[in-house]
Amino acid sequence: MKPCNNSPAFRLWQLTFKNKILIILSCLFSVLSVATAFIPFISVYYIVYELIMSLANKDVLNNGLIIHYGWLAFIAAALSLFFNFLALCFSHIAAFKTLYYLKYNFVRYLSYLPLGFYTEHSSGELRKIVDDDIEKIEIFIAHQLPDMVGSFATPIIILIILAVFDWRLGLATLVPIILAYIVLISGYRRKDIKNHMQEFQNRLIDMSNASVEYIRGIAVVKAFNQTFSSHLNAFMSQSKRIKYFALSLLIVLNIIWHFFY
């Protein structure tokens with residue numbers, strides 16, 4: 001039997017690569033987009049170099065070479081945007097296929113569950129899974145994954161460019177990049193951050209339950225000409241709890257983020 005890995009990260013990557021070809025194409029075009037985005041900077045460098053070298057003698061100014069690099073920068077910038085567009089197209093197609101697969105199978109699975117399951121799990125919790133939790137996977141596959149691949153490719157491409165121009169600059173740039181990644185990843189892998197994120201998700205479920213109960217109770221309470229202060233108080237209480245918790249969590253994450261930027 002194959003070993004079963006039930007970790008959330010493993011399951012997320014498993015769902016991501018259900019459409020392997022689309023994801024690979026998206027990552028490939030994301031890297032190409034980043035690579036071509038540096039060509040205009042190199043072209044500008046050669047244009048400035050040509051202008052500086054011609055300051056002493058204007059007769060050596062090569063206008064054709066300057067125009068050539070100008071067109072090269074323009075075409076590279078256009079290709080970078082085009083490759084980024086293709087990367088997002090492929091990633092969005094893969095994301096929407098994954099969402100359809102998850103929602104269809106989740107709702108189909110609910111139809112086979114006994115009634116006791118619905119007494120233990122509220123409709124607000126199930127609604128949150130379908131409308132919020134599954135939809136968040138689209139953000140990762142369609143947007144964050146191409147950006148993440150491009151972010152990892154950027155320092156590598158910069159190092160290659162610096163090594164071509166001056167290998168000492170490449171080595172000097174490599175050290176702070178490695179240190180930054182080590183400290184940043186270690187900061188986000190702290191156990192208290194994971195516990196806070198889990199608590200944040202639990203409070204979102206509580207607020208979703210309170211909101212669904214509040215909305216469904218309005219018709220019943222109005223039918224008997226009563227007030228629904230208890231439902232409203234429960235909903236407001238959950239909203240305040242998640243507000244203060246989210247603010248404290250946001251402060252911690254901002255401290256980690258601004259430590260590097």
Side-chain angles (χ1 to χ4, degrees), residues 1-27 87-148 194-224 226 228-243 245-246 249:
M1 294 179 62
K2 294 182 179 180
C4 182
N5 192 337
N6 293 322
S7 66
F10 177 82
R11 180 56 178 162
L12 178 61
W13 286 110
Q14 192 179 44
L15 291 172
T16 300
F17 282 95
K18 283 191 67 66
N19 302 281
K20 187 180 298 183
I21 297 178
L22 292 174
I23 293 299
I24 292 175
L25 288 175
S26 175
C27 295
L88 292 177
C89 284
F90 286 119
S91 64
H92 275 80
I93 294 173
F96 292 145
K97 285 187 174 183
T98 304
L99 291 185
Y100 172 79
Y101 166 81
L102 288 174
K103 290 188 176 183
Y104 174 79
N105 284 278
F106 180 75
V107 175
R108 187 169 178 267
Y109 178 73
L110 289 178
S111 63
Y112 293 102
L113 293 176
L115 292 177
F117 174 84
Y118 298 98
T119 59
E120 297 177 358
H121 299 81
S122 64
S123 58
E125 180 181 354
L126 300 178
R127 184 200 62 81
K128 178 182 177 297
I129 294 175
V130 176
D131 294 339
D132 298 335
D133 295 345
I134 295 180
E135 287 292 334
K136 288 179 182 178
I137 298 178
E138 184 268 339
I139 298 176
F140 174 77
I141 299 176
H143 300 278
Q144 293 179 351
L145 182 60
D147 294 341
M148 183 173 63
K194 292 182 180 180
N195 294 334
H196 284 315
M197 293 302 298
Q198 183 62 44
E199 180 66 20
F200 179 70
Q201 293 298 325
N202 293 335
R203 297 198 180 189
L204 280 179
I205 294 175
D206 293 338
M207 190 180 72
S208 178
N209 294 337
S211 62
V212 171
E213 182 181 356
Y214 170 65
I215 294 173
R216 288 185 173 179
I218 291 177
V220 178
V221 172
K222 286 290 186 180
F224 292 96
Q226 301 291 324
F228 44 92
S229 57
S230 60
H231 298 285
L232 180 61
N233 291 334
F235 175 70
M236 294 301 297
S237 175
Q238 294 295 339
S239 300
K240 289 180 180 179
R241 285 181 59 195
I242 195 170
K243 180 182 73 171
F245 183 82
L249 181 61

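- Around CD1 of Ile21, the count of heavy atoms belonging to other residues, nucleotides or ligands within 6.0 Å does not exceed 12.
- Looking at Tyr101 and Ile134, their side chains never come closer than 4.5 Å, going by heavy atoms from C-beta outward.
- Taken from CG in Asp147 to CZ in Phe140, the straight-line distance is 11.0 Å, to the nearest 0.5 Å.
- The side-chain heavy atoms of Leu22 and Ser26, taken from C-beta on, include no pair separated by under 4.5 Å.
- The local environment of OH in Tyr100 is sparse, with at most 12 non-hydrogen atoms from other residues, nucleotides or ligands closer than 6.0 Å.
- Only one option out of Leu102, Thr98, Leu99 pairs with Glu138 in a side chain to side chain contact (heavy atoms under 4.5 Å, CB included); it is Leu99.
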Name the atoms and distances for all side-chain donor-acceptor pairs under 3.5 Å in residues 90-97, with sequence neighbours left out.
from: Ser91; atom 1: OG; to: Ala87; atom 2: O; distance (Å): 3.1
from: Ser91; atom 1: OG; to: Leu88; atom 2: O; distance (Å): 2.9
from: Ser91; atom 1: OG; to: Ala142; atom 2: O; distance (Å): 2.8
from: His92; atom 1: ND1; to: Leu88; atom 2: O; distance (Å): 2.7
from: His92; atom 1: NE2; to: His143; atom 2: NE2; distance (Å): 3.3

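- Separation of atoms CG (Leu110) and CG (Asn105) is listed at 11.0 Å; rounding is to 0.5 Å.
- Within the model, atoms NZ of Lys103 and CD of Glu135 stand 3.5 Å from one another, a figure rounded to the nearest 0.5 Å.
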